[in-house]
Amino acid sequence: MQVIVEPWKKLIVHEVIEYGFDDLVRLVLSQARAAGGGISSMNWCNGIVFQHTTFPDTDSVVQEKLKGTIHYSSVVFARKDKFERQVVRENGTLNLVDVSANSIFRELAQVLTAAPPTAATAKV
């Protein structure tokens with residue numbers, strides 16, 4: 001049997017929204033509360049806390065994936081230099097997961113760190 005590892009070739013992000021860290025925590029915790037509670041998690045990588053949304057696996061999305069292209073419909077993020085496992089606020093707890101071992105997330109964090117707001121990026 002032959003095993004082939006074929007890395008992704010391209011990541012396309014269709015919308016990027018930057019929040020202040022406290023605003024993003026408030027937003028995520030309020031969404032979790034509205035959905036029935038529980039502890040929410042977000043990704044942390046090299047100074048960036050983020051959450052991404054993918055498109056459903058329709059035929060066209062799967063075809064793109066087979067060609068090596070990932071599409072994120074959106075990425076929301078905030079800057080947070082220091083990693084913490086949990087952020088506790090009076091309205092809830094947010095777990096952070098260190099995903100810096102993932103090369104795709106490292107590259108995404110680098111782009112988010114370097115890029116000034118553009119037409120597709122709204123700083124809230």
Side-chain angles (χ1 to χ4, degrees):
M1 176 176 76
Q2 182 181 19
V3 176
I4 299 171
V5 176
E6 190 172 326
W8 296 106
K9 296 175 183 149
K10 185 175 9 176
L11 169 63
I12 299 174
V13 180
H14 294 274
E15 180 180 35
V16 175
I17 302 172
E18 181 177 2
Y19 290 91
F21 179 71
D22 289 334
D23 290 335
L24 183 57
V25 170
R26 246 187 320 278
L27 174 68
V28 170
L29 293 178
S30 67
Q31 289 173 342
R33 221 177 26 254
I39 296 179
S40 296
S41 295
M42 290 191 78
N43 297 319
W44 179 91
C45 184
N46 299 343
I48 298 290
V49 174
F50 69 97
Q51 193 169 54
H52 65 280
T53 305
T54 59
F55 289 104
D57 279 339
T58 62
D59 288 343
S60 59
V61 169
V62 170
Q63 287 302 312
E64 284 284 294
K65 286 180 175 181
L66 292 174
K67 294 176 194 171
T69 301
I70 306 168
H71 288 267
Y72 288 170
S73 60
S74 66
V75 171
V76 294
F77 79 99
R79 297 167 197 271
K80 180 169 184 13
D81 292 331
K82 185 179 174 191
F83 174 73
E84 298 176 72
R85 291 197 184 286
Q86 285 192 327
V87 177
V88 180
R89 299 290 191 262
E90 70 179 44
N91 58 337
T93 300
L94 176 66
N95 287 335
L96 298 181
V97 180
D98 185 350
V99 295
S100 58
N102 182 304
S103 63
I104 294 170
F105 291 152
R106 282 194 313 269
E107 290 184 42
L108 176 61
Q110 183 177 4
V111 167
L112 294 175
T113 300
T118 64
T121 308
K123 183 163 182 167
V124 178

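Scope of the values below: all heavy atoms of this structure, side chains included, with no hydrogens, waters or symmetry mates.
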Where Val28 and Ser40 come nearest, the two heavy atoms and their spacing
CG1-CB, 3.6 Å
May I ask whether Leu27 and Leu96 are part of the same hydrophobic cluster, defined by side-chain heavy atoms of I, L, V, M, F, W, Y residues being less than 4.5 angstrom apart, directly or through others?
yes
How are the rings of Phe55 and His14 set to each other: parallel, tilted or perpendicular (split at 30° and 60°)?
perpendicular
When rounded to the nearest 0.5 angstrom, what is the spacing between CG in Asn46 and CG in Asp81?
10.5 Å
Hphob cluster co-occupancy, Ile70 + Val99, side-chain heavy atoms under 4.5 angstrom:
yes
What distance do Met42 atom CE and Phe77 atom CZ have between them, rounded to the nearest 0.5 Å?
11.0 Å
Separation of Arg79 CZ from Ile48 CD1 (nearest 0.5 Å)
5.0 Å
Give me the atom names and distance for the closest heavy-atom approach of Val25 to Arg89.
CG1-CG, 3.9 Å
Run the side chain to side chain contact (heavy atoms under 4.5 Å, CB included) test on Val13 and Leu108 for me, step by step, so that the C-alpha distance in whole Å, both residues' side-chain angles and the decisive distance to 0.1 Å come before the verdict.
CA-CA 9 Å; Val13 180; Leu108 176 61; 4.2 Å; yes
What one should report as the nearest heavy-atom pair of Leu29 and Leu94 is CD2-N, 4.1 Å
Shared ILVMFWY cluster between Val16 and Ile104, side chains joined below 4.5 angstrom?
yes
Heavy-atom closest pair (Cys45 atom, Ala109 atom, distance to 0.1 Å) is O-CB, 3.4 Å
For residues Trp8 and Val62: do they belong to one hydrophobic cluster (side chain heavy atoms under 4.5 Å, members Ile, Leu, Val, Met, Phe, Trp, Tyr)?
no
For Trp44 and Lys80, which heavy atoms make the closest approach, and how far apart are they?
NE1-O, 2.8 Å
Within the distance-only criterion (no hydrogens, no angle test), does the side chain of Thr53 pair as donor or acceptor with the backbone N or O of Ser73 below 3.5 angstrom?
no
Enter the distance from Gln51:CD to Ile17:CD1 here, rounded to the nearest 0.5 Å.
11.5 Å
Neighbour count above 12 (heavy atom, 6.0 Å) for Asp57 CG:
yes
Atom pair CZ (Arg26) and CZ (Phe21), whose distance is rounded to the nearest 0.5 Å
11.0 Å
State yes or no: do Tyr19 and Phe83 share one hydrophobic cluster built from I, L, V, M, F, W and Y residues joined by side-chain heavy-atom distances below 4.5 Å, directly or via other members?
yes
Hey, could you give me the CD/CG distance between Glu18 and Leu24, rounded to the nearest 0.5 Å?
10.0 Å
Sub-3.5 Å donor-acceptor pair from the side chain of Arg106 to the main-chain atoms of Ala101, do we have one?
yes
